[in-house]
Amino acid sequence: MFFDEYALTPHVFEKTYCESNLLVQKDLIYFLRGLKRNGLLANINKELWQREVFKYIQKLSPMLRDKLSSLLKELKKSNKLVLHESLTKESLESENAWLSLMLKEDEIKPYVALIQTGNIQSNSDKVTTLEMLLDSDEWHNNQDSCMVMQTKENLALYLRDFLLYARKLTISDPYFTYNKLDEEALYIFAELFAKRRGLRMKNRKLIIHTSYNEKDYNVDIRSDSYKEKWIRVFQNIYEKYGHYVILNVWKDDNRIKSMHDRFMITDQGGLHSGRGFGIMPAESIWTLMTANTIRSCLNIYEKNFNPRIKLMFSVTKDSIIKKKVPISEMKTIVTKSGIRKKVH
């Protein structure tokens with residue numbers, strides 16, 4: 001799975017536990033680095049967890065303090081230190097109190113593991129220590145890529161945690177078009193995107209980039225009737241889930257195919273799929289993208305970055321936004337009546 005979520009008590013960072021054992025230090029650093037690549041860490045009780053952790057970290061030796069602080073700040077910067085709403089106003093000074101709160105949250109949305117120092121006995125098989133977690137199948141099976149049979153059920157399953165805390169979503173698929181299966185897939189994305197935990201965002205945007213090539217489609221996606229079908233879908237998604245969907249249709253250079261890759265990117269990370277993310281009776285390899293790859297993929301759509309693609313038009317729930325093409329980019333044709341005119 002992608003972006004499994006973990007919770008750990010602040011006491012794992014306590015000096016008497018963390019600094020007195022070199023193995024614990026190594027395990028903690030290895031664990032946080034692993035989450036930076038593929039995982040989420042719960043910032044429990046509206047940042048109270050974060051404040052408690054940094055209070056403990058300040059008492060560690062300078063080298064260990066700086067290392068752990070840096071890793072946690074990187075997780076927060078990439079939105080992988082995910083904020084949870086406050087569930088209690090009671091004192092959470094003891095590790096037992098924190099673990100009880102973690103177990104309560106686990107009933108609402110299951111964690112992969114609840115990590116503690118090992119000083120507390122628990123009947124839950126999810127409660128563990130760092131050493132036991134890093135030696136478990138759950139941790140070692142947390143891969144960067146997997147083969148997915150792209151049924152409706154699997155789309156919902158494999159994207160559930162990936163979209164659980166996402167604040168924005170961008171999809172690039174040059175073959176995304178108006179048909180029943182792509183529409184169903186879009187509703188799955190919208191529903192998962194609406195279920196996000198933590199801080200709610202207003203006017204959430206779901207951006208789709210696709211391309212147009214006359215040879216690839218049996219329908220003319222430039223026709224107003226085709227675009228109006230998407231407008232109705234986007235209006236329904238906005239009314240049902242509150243997402244503002246933008247469909248950008250690009251003209252791609254047929255020889256270069258700059259938009260060949262298919263990916264899904266959030267503010268936390270990205271997924272690449274050889275077959276895209278539509279519903280189909282076929283398997284595809286889904287792979288987590290690195291930060292550099294994400295930047296390169298998004299740069300394709302930045303203004304003036306890639307001269308091989310041009311924005312033809314955009315569709316939203318409100319309107320069709322036609323791209324104004326400069327005269328210099330138009331070509332001259334001669335009609336049957338002999339009239340010369342500019343077209344694009």
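Ile108 and Leu99 end up in the same hydrophobic cluster when Ile, Leu, Val, Met, Phe, Trp and Tyr side chains are linked at under 4.5 Å. Phe13 and Ile29 fall within the same hydrophobic cluster, where Ile, Leu, Val, Met, Phe, Trp and Tyr residues are linked whenever their side-chain heavy atoms come under 4.5 Å apart, directly or through other members. Under the 4.5 Å side-chain heavy-atom criterion for Ile, Leu, Val, Met, Phe, Trp and Tyr, Leu155 and Met149 are members of distinct hydrophobic clusters. The same ILVMFWY cluster, assembled from side-chain heavy atoms under 4.5 Å apart, contains both Leu8 and Tyr30.
Enclosure of atom NZ in Lys317 by more than 12 non-hydrogen atoms of other residues, nucleotides or ligands within 6.0 angstrom is indicated. Within a 6.0 Å radius of CD1 in Ile285, other residues, nucleotides and ligands contribute 12 heavy atoms or fewer. Atom NZ of Lys15 is surrounded by more than 12 heavy atoms from other residues, nucleotides or ligands within 6.0 Å. The neighbour count for Gln235 CD, taken as heavy atoms of other residues, nucleotides or ligands under 6.0 Å away, is above 12. When the shell of 6.0 Å around CD of Gln25 is examined, it contains more than 12 heavy atoms from other residues, nucleotides or ligands. For CE of Met63, the number of neighbouring non-hydrogen atoms (other residues, nucleotides, ligands) closer than 6.0 Å is 12 at most.
Under the 3.5 Å distance criterion, the side-chain polar atoms of Thr210 are matched with a main-chain donor or acceptor of Asp173. Checked by atom type and distance alone, the side chain of Asp267 pairs as donor or acceptor with a backbone atom of Arg167 at under 3.5 Å. A donor-acceptor pair is defined here as one N or O able to donate and one able to accept, closer than 3.5 Å; such a pair exists between the side chain of Asp182 and the backbone of Thr177. The backbone N or O of Asp66 lies less than 3.5 Å from no partner atom in the side chain of Ser70, so there is not a single donor-acceptor pair. Side-chain atoms of Gln116 come within 3.5 Å of backbone N or O of Gly118 as a donor-acceptor pair. Trp139 places no side-chain N or O within donor-acceptor distance of the main-chain N or O of Met132, the cut-off being under 3.5 Å. Judged purely by atom type and a 3.5 angstrom limit, Lys80 has no side-chain atom pairing as donor or acceptor with the backbone of Leu40. Under the 3.5 Å distance criterion, the side-chain polar atoms of Trp98 are matched with a main-chain donor or acceptor of Leu92.
Taking the ring centroids of Phe162 and Phe3, they lie under the 6.0 Å cut-off. Ring-centre distance between Tyr56 and Trp49: not below the 6.0 Å cut-off.
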**Item:** Derivation of the salt bridge (Lys or Arg N to Asp or Glu O under 4.0 Å) call for Lys76 and Glu47
**Value:** CA-CA 11 Å; Lys76 187 170 184 179; Glu47 293 194 332; 3.6 Å; yes

**Message:** Lys168 vs Thr266, test: side-chain contact (heavy atoms from CB on, under 4.5 Å). Steps then yes/no.
**Reply:** CA-CA 5 Å; Lys168 57 184 177 182; Thr266 72; 5.8 Å; no

**Request:** Show your working on side-chain contact (heavy atoms from CB on, under 4.5 Å) between Leu271 and Thr287 and close with a plain yes or no.
**Result:** CA-CA 6 Å; Leu271 279 175; Thr287 306; over 6 Å; no

**Request:** Determine, step by step, whether Leu28 and Cys18 satisfy the side-chain contact (heavy atoms from CB on, under 4.5 Å) criterion, reporting the C-alpha distance in whole Å, the side-chain angles of both residues, the deciding distance to 0.1 Å, and the verdict.
**Result:** CA-CA 8 Å; Leu28 186 52; Cys18 180; 4.0 Å; yes

**Message:** Could you walk me through whether Glu74 and Lys77 satisfy the salt bridge (Lys or Arg N to Asp or Glu O under 4.0 Å) test, starting with their C-alpha distance in whole Å, then the side-chain angles of each, then the deciding distance to 0.1 Å, before giving a yes or no?
**Reply:** CA-CA 5 Å; Glu74 286 178 28; Lys77 185 178 179 181; over 6 Å; no

**Request:** Give the intermediate values and the outcome of side-chain hydrogen bond (donor to acceptor under 3.5 Å, both in side chains) for residues Asn43 and Gln50.
**Result:** CA-CA 6 Å; Asn43 190 359; Gln50 179 183 321; 3.0 Å; yes

**Item:** Worked check of side-chain hydrogen bond (donor to acceptor under 3.5 Å, both in side chains) between Thr117 and Glu95
**Value:** CA-CA 9 Å; Thr117 60; Glu95 185 175 26; 2.8 Å; yes

**Asked** Given Phe189 and His243, is the ring-ring contact (aromatic ring centres under 6.0 Å, His included) satisfied, shown in steps?
**Response** CA-CA 11 Å; Phe189 306 152; His243 309 322; over 10 Å; no

**Item:** Val148 vs Ser284, side-chain contact (heavy atoms from CB on, under 4.5 Å): CA-CA, chis, key distance, verdict
**Value:** CA-CA 5 Å; Val148 179; Ser284 181; 5.8 Å; no

**Prompt:** Does the pair His209 and Trp250 meet the rule for a side-chain hydrogen bond (donor to acceptor under 3.5 Å, both in side chains), with working shown?
**Reply:** CA-CA 7 Å; His209 296 293; Trp250 300 80; 3.1 Å; yes

**Asked** Taking it one step at a time, do Lys46 and Glu85 satisfy salt bridge (Lys or Arg N to Asp or Glu O under 4.0 Å)?
**Response** CA-CA 5 Å; Lys46 208 169 184 179; Glu85 295 177 0; over 6 Å; no

**Item:** Criterion side-chain hydrogen bond (donor to acceptor under 3.5 Å, both in side chains) on Gln268 and Ser78, from CA distance to verdict
**Value:** CA-CA 5 Å; Gln268 297 172 310; Ser78 61; over 6 Å; no

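Using a 4.5 Å heavy-atom cutoff, the side chains of Arg160 and Leu157 are in contact. Side chains of Ile309 and Lys251 form no contact here, defined as non-hydrogen atoms less than 4.5 Å apart. Taking the side chain as every heavy atom from C-beta outward, Leu181 and Met280 never approach each other to under 4.5 Å. Contact check for Ile208 versus Val245: side-chain heavy atoms found under the 4.5 Å cut-off. No side-chain heavy atom of Thr128 sits less than 4.5 Å from a side-chain heavy atom of Leu114. Looking at Ser124 and Leu103, their side chains come closer than 4.5 Å, going by heavy atoms from C-beta outward.
The existence of a salt bridge linking Asp161 and Lys109 is confirmed by a sub-4.0 Å separation between a basic side-chain nitrogen and an acidic carboxylate oxygen. Ion pairing of Glu183 with Arg232 is absent here, as no side-chain N (NZ or NE/NH1/NH2) approaches a carboxylate O to less than 4.0 Å.
Relative orientation of the His84 and Tyr111 rings is parallel, given thresholds of 30° and 60° on the angle between their planes. The aromatic rings of Phe263 and Tyr301 sit tilted, their planes meeting at an angle between 30° and 60°. Between Phe31 and Tyr6, the angle of the ring planes goes over 60°, which puts this pair in the perpendicular group of the 30/60° scheme.
For the atom pair CD of Glu283 and OG1 of Thr151, the computed distance is 10.5 Å after rounding to the nearest 0.5 Å. The distance from the CD1 atom of Ile171 to the CE atom of Met264 is 4.0 Å, given to the nearest 0.5 Å. Note that CD1 of Ile265 and CD1 of Ile294 are 5.5 Å apart. Values are rounded to the nearest 0.5 Å. The distance from atom CD of Glu184 to atom CD1 of Ile279, rounded to the nearest 0.5 Å, is 4.5 Å. We find the CG-CD1 distance between Leu247 and Ile231 to be 10.5 Å, quoted to the nearest 0.5 Å. Note that the CG atom of Asn154 and the CG atom of Leu159 stand 10.0 Å from one another [nearest 0.5 Å].
Considering Thr293, Asn292, Asn299 in turn, Asn292 is the only one that fulfils the side chain to side chain donor-acceptor pair (under 3.5 Å) rule with Arg295.
Geometrically, Lys227 engages Phe313 in a cation-pi contact defined by less than 6.0 Å to the ring centre and at most 45° from the axis.
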